[in-house]
Amino acid sequence: MTIEFETPKPIAQMNTMLQSVAENMMRSVSREFDENEHAIPWSYVEFMHTAMKAAGGGGGLTPGDDKPKEGAEKRPPIGYQRLASQIEMLSWGDAGFYLITPGGGLGAAAVQAAGSPEQRAKFLARFNGEKPTFAAMCMTEAGAGSDTSAIRTRAVLDEATQEWVINGEKIFVTSGDKSFTEYEQFGKGFIVVWASIDPTAGRAGMRAFVVEAGTKGVTIAKLEHKLGIRASDTATIALVDARVPYDNILGSPTVEKTTTGFKGAMATFDATRPLVAASGIGVARAALEFLKEKLTENGVTIRYGLPRNKLTSIERDVIDMEIQLRSAWLLIIKAVWMADNRKSNALESSMSKVRAGDVTTKITQKAVEIMGPLGYSREFLLEKWFRDAKITDIFEGTGQINRLVVARQILGYSGKELR
Amino acid sequence: MYSFEPNEEQQMLVDAVGKYAANDLRPAAHEAEESRELPKKLISKGWELGLLQASIPEAYGGFGERSAVTSALAVEEMANGDLAGALAVMTPSLFATPILLAGSEEQKQAYLPKIIEGEWHPYTAALIEYAFDFDANALRTTAKLSGENYILNGEKAFVPFAKDAEAMIIYADLDGQTQGFIIPKNAAGLSIADEREKLMGINALPLYRVKLDNVTVPQSNRLGGASGHNFELILASMRIASASAAVGVARASFEYSKDYAKERDAFGMKIAQKQAIAFMLAEMATEIEAIRLLIWEAAWMLDNGKEDAFKQAYLAFTGAADMAMMVTDRGVQILGGHGYIREHPVEMYMRNGRGFAMFTGLAIV
């Protein structure tokens, strides 16, 4: 092993390609889809689906199959590193668009993490199909946000028909509409619904169920209007006596005294937190680059190398922003590098999310402040990036939840010892 | 490729330095700070770890190759034991490393073998000046070419072991550029203050004011010879060292306050079980790791001659100074009233932590 900071060549090449996608297919229509919330940018969705299929990515953003071709020299795996870079680059284009990049998203990640080989084969093949296809994760409820153990959605087995009957309401489902509503232009998607099969068992009773698009009893009750990432739909999904085949349960159908099922969900988060963090960093980089460009246009140069007490306030701010951005990105790279190398990264994963949540909000807020009226105006995308950035500190575990995860890790405390 | 694991050799070094820091430096730190004295044996033992020796090629009497990454790892580890002690052990590097990086062949042969053979000798360097707007790239001390010689005038501050130094590099402004000059002991016009500097922290390290009154040296004493050298490379190496030391000190404060929080009872539980304390610790750990990676990257860029390496070293240095202040302040806060008392080391870490904004020139990787 060694200490190295060279961006792997395949990632550098991919970044060049994605930058042109970001500039030509995202930035150019960013404002339009911010102002027309819930409109779907078909051309981006279709282009990405075709491009990712051609690249062998299984029709979606995934860590991919890293096995080297036969006879090729064995190289260290970089699947998660590549994915983090893709997400950063696409979010530099538009974070809302990134979220509607077709593919399995968190729904497929749950199947991947908690499903059997048969289930994986059955549910995941569709993402490589003719049409762009979506899947979503339904975890949060009105009364259960960060405290996922408070989930009240119930799944009961109907012994006669051998079907699960699910009742409950899920909120804040990212891409819930695209995953569940059967649009002509999309392939048939699914949602993964977390529900309890035994409310007396707490987290041990929690299971995930694959609910196919169009299932009877399931409705999109509402699409949220949000502060930012408005190109991405966020749905409320109601389940009233929704019937799901017996085999759609992920994990064991019986309740043991362990919380493995739930830990499956949490393991998904270890993998996805640095990726969400990477999205935020893309937005922050867009804001910082824009700020520096405008400062240069206005004759302001940043005098790197001067002692702190000789810098102007703007110079200090910009230098701080660069420090924050780069160091946060390196935490992400380390977390995904660990994932690629099969090292346990619960600590690093949450650290990267804590830091990214902090710095993306701070950088975008500061950039708007420094740009004054130009920062506040809708003429530029900066005010949009400010709004988009805030989600980084909220979804996939708020900054506070991730601080709790980090604290438990460094203190060696269980969830009981540090609540 | 990205990779975040020290190689075997680096890990062995980190382990050895870590052992010395924990078993020798840290237990002696409090007494050394209060008495303003570092035991000679303590310094010798640190010197025997061979950090400098391992960074100098065989041709000059050493047994290795300099790597800013490796040095950054070692500096963090050593400063984690005690900052003043670490700076003392590494003082000869202030003279040797710039010669290795930028010296002429003649200078390398004249000094490097002499410095690293046998015992720790006090060779040092003088960069800092006593001015609120001190800037390593705009020095008030001047060097002027006069015939075959350079004539130096001015005053330097915070010069480690100046009193006993065999020789020192003095940085001065030469036609708007910072350049180093090798000044031998007892040079005419060189005067070293009798009284040591009195500072907020690092009191165990003997630091002196040094005056230059028409100190005259031949052209061959200019670092790099008559044509001089690139000071940016030396400055970046100093910044990375200072930043790494900041991580070491911050880590010491984090570790101490974390252990304390797990022992201290309040309201029927350990204070670490309170989110107010636990969140502070989580942020400290995150900040330390983030800045450490920034420093590693800067060091790696320097080792690999990457464009922007100097800028990155500046960012790492600036970020580390802020981080060290934030973390060491919280270390005191977590201990509350006890943090303010000198029996616990966190108040010393806080005093040391504030220094990193101006510690450029007291260490080099």
Side-chain angles (χ1 to χ4, degrees), chain A residues 1-9 11 75-76 78 81 304-311 316 319-320 322-324 326-331 333-334 336-338 340-341 343 347-348 350-355 358-359 399-400 402-413 416-419, chain B residues 1-8 10-11 69-70 73 132-138 232 235 254 258 261-262 269-270 272-275 277-287 289-294 296-297 299-301 304 306 310-312 314-316 318-319 321-323 357-358 360:
Chain A
M1 273 302 160
T2 171
I3 293 173
E4 260 185 77
F5 290 86
E6 191 84 63
T7 306
K9 265 211 192 83
I11 293 181
R75 279 174 310 205
I78 56 165
Q81 294 167 62
Y304 297 97
L306 277 189
R308 272 270 163 126
N309 55 4
K310 278 188 163 179
L311 296 169
R316 284 187 74 144
I319 286 167
D320 279 346
E322 287 193 38
I323 292 167
Q324 289 169 357
R326 189 68 196 169
S327 61
W329 175 243
L330 292 174
L331 279 183
I333 289 290
K334 183 175 177 188
V336 288
W337 169 82
M338 292 177 81
D340 278 332
N341 288 281
K343 292 171 194 289
L347 172 64
E348 287 76 8
S350 279
M351 270 187 174
S352 75
K353 176 66 167 54
V354 165
R355 180 91 176 156
D358 278 357
V359 311
Q400 287 62 43
N402 278 295
R403 276 168 174 76
L404 209 49
V405 176
V406 171
R408 283 177 190 151
Q409 294 272 337
I410 58 176
L411 289 161
Y413 280 161
K416 267 207 184 93
E417 287 167 309
L418 178 59
R419 290 171 185 276
Chain B
M1 282 296 143
Y2 286 109
S3 183
F4 298 88
E5 241 171 36
N7 65 31
E8 211 176 314
Q10 288 168 333
Q11 194 56 52
V69 171
T70 306
L73 295 171
F132 90 93
D133 57 351
F134 162 69
D135 177 356
N137 281 309
E232 283 297 310
L235 183 58
F254 163 71
K258 182 187 74 174
K262 287 184 79 173
M269 62 174 81
K270 304 299 177 191
Q273 292 177 279
K274 303 267 182 204
Q275 289 189 349
I277 303 294
F279 280 19
M280 276 204 264
L281 288 165
E283 286 167 9
M284 290 155 81
T286 303
E287 200 76 8
E289 177 70 1
I291 295 298
R292 177 190 287 128
L293 295 178
L294 198 64
W296 284 8
E297 185 177 44
W300 176 85
M301 288 169 81
N304 290 277
K306 296 282 174 188
F310 298 157
K311 179 186 161 193
Q312 176 90 356
Y314 170 73
L315 295 180
T318 306
D322 278 357
M323 178 279 294
M358 57 226 85
T360 334

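Keep in mind the model is a prediction, meaning the values are calculated, not measured. Note on naming: letters A, B, ... go to the chains in the order of the sequence lines (proteins, then strands), and numbering restarts at 1 for each one.
For a residue to count as touching a neighbouring chain, one of its non-hydrogen atoms must lie under 4.5 Å from one of that chain's; by this rule A:Q400 touches chain B with backbone and side chain alike. For A:K343, the part sitting under 4.5 Å from any heavy atom of chain B is the side chain, from C-beta outward, and nothing else. Neither the backbone nor the side chain of B:E232 has a heavy atom closer than 4.5 Å to any heavy atom of chain A. Proximity to chain A involves both the backbone and the side chain of B:A278, based on heavy atoms less than 4.5 angstrom apart. Heavy atoms of A:K310 lying under 4.5 Å from chain B belong exclusively to its side chain. Interface residue A:L306: backbone and side-chain heavy atoms are both found under 4.5 Å from chain B. Contacts between B:I277 and chain A at a heavy-atom distance below 4.5 Å are absent for every atom of the residue. For B:D322, the part lying under 4.5 angstrom from a heavy atom of chain A is the side chain only. When heavy atoms are compared at a cutoff of 4.5 Å, A:Y304 approaches chain B by way of both its backbone and its side chain. With a 4.5 Å cut-off on non-hydrogen atoms, A:R419 touches chain B through its backbone but not through its side chain. Contacts of B:W300 with chain A are made by side-chain atoms alone, with heavy-atom separations under 4.5 Å and no backbone atom involved. Within the 4.5 angstrom heavy-atom criterion, only backbone atoms of B:F134 (N, CA, C, O) approach chain A.
The closest donor-acceptor contact from the side chain of B:Q273 to the backbone of A:E417 lies under 3.5 Å.
Taking OG of A:S327 as the reference point, atom CD of B:E287 lies at 7.0 Å (rounded to 0.5 Å). The CD1 atom of B:I291 lies 12.5 Å from the CZ atom of A:R326; values are rounded to the nearest 0.5 Å. To the nearest 0.5 Å, the span separating CD on B:Q10 from CD1 on A:I3 amounts to 5.0 Å. Going from atom CD of B:E289 over to atom CG of A:L347 covers 8.0 Å, rounded to the nearest 0.5 Å. Atoms CG and OG1, from A:D320 and B:T318 in turn, are 8.5 Å apart once rounded to the nearest 0.5 Å. A:F5 CZ to B:Q312 CD: the interatomic distance, rounded to the nearest 0.5 Å, is 8.5 Å.
Among A:L418, A:T2, A:V406, A:V405, the residue making the largest number of heavy-atom pairs under 4.5 Å with chain B is A:T2. Chain A forms more heavy-atom pairs under 4.5 Å with one residue of B:N7, B:V69, B:D135 than with any other, namely B:D135. Contact count against chain A (heavy-atom pairs under 4.5 Å) is highest for B:L293 among B:L293, B:L73, B:T360. Here B:A290 is the residue among B:A136, B:A290, B:A285 with the most heavy-atom pairs under 4.5 Å with chain A. The residue among A:S352, A:G305, A:S350 with the most heavy atom pairs within less than 4.5 Å of chain B is A:G305.
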*Would you please test B:Y2 and A:W337 for ring pair (Phe, Tyr, Trp, His ring centres under 6.0 Å) and show each step?*
CA-CA 7 Å; B:Y2 286 109; A:W337 169 82; 9.6 Å; no
*Given the rule in the side chain to side chain contact (heavy atoms under 4.5 Å, CB included) test, do A:L330 and B:W296 qualify, once you have shown the distances and angles that lead to the verdict?*
CA-CA 10 Å; A:L330 292 174; B:W296 284 8; over 6 Å; no
*How far apart are the C-alpha atoms of B:K262 and A:Y413, what are their side-chain angles, what is the distance that settles it, and do they pass the side chain to side chain contact (heavy atoms under 4.5 Å, CB included) test?*
CA-CA 10 Å; B:K262 287 184 79 173; A:Y413 280 161; 3.8 Å; yes
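Salt bridge status for B:K306 with A:E6: present, with a side-chain N to carboxylate O gap under 4.0 Å. Under a 4.0 Å N-O distance rule, the pair B:K311/A:E322 qualifies as a salt bridge.
Between A:W329 and B:E297 there is no side-chain heavy-atom pair separated by less than 4.5 Å.
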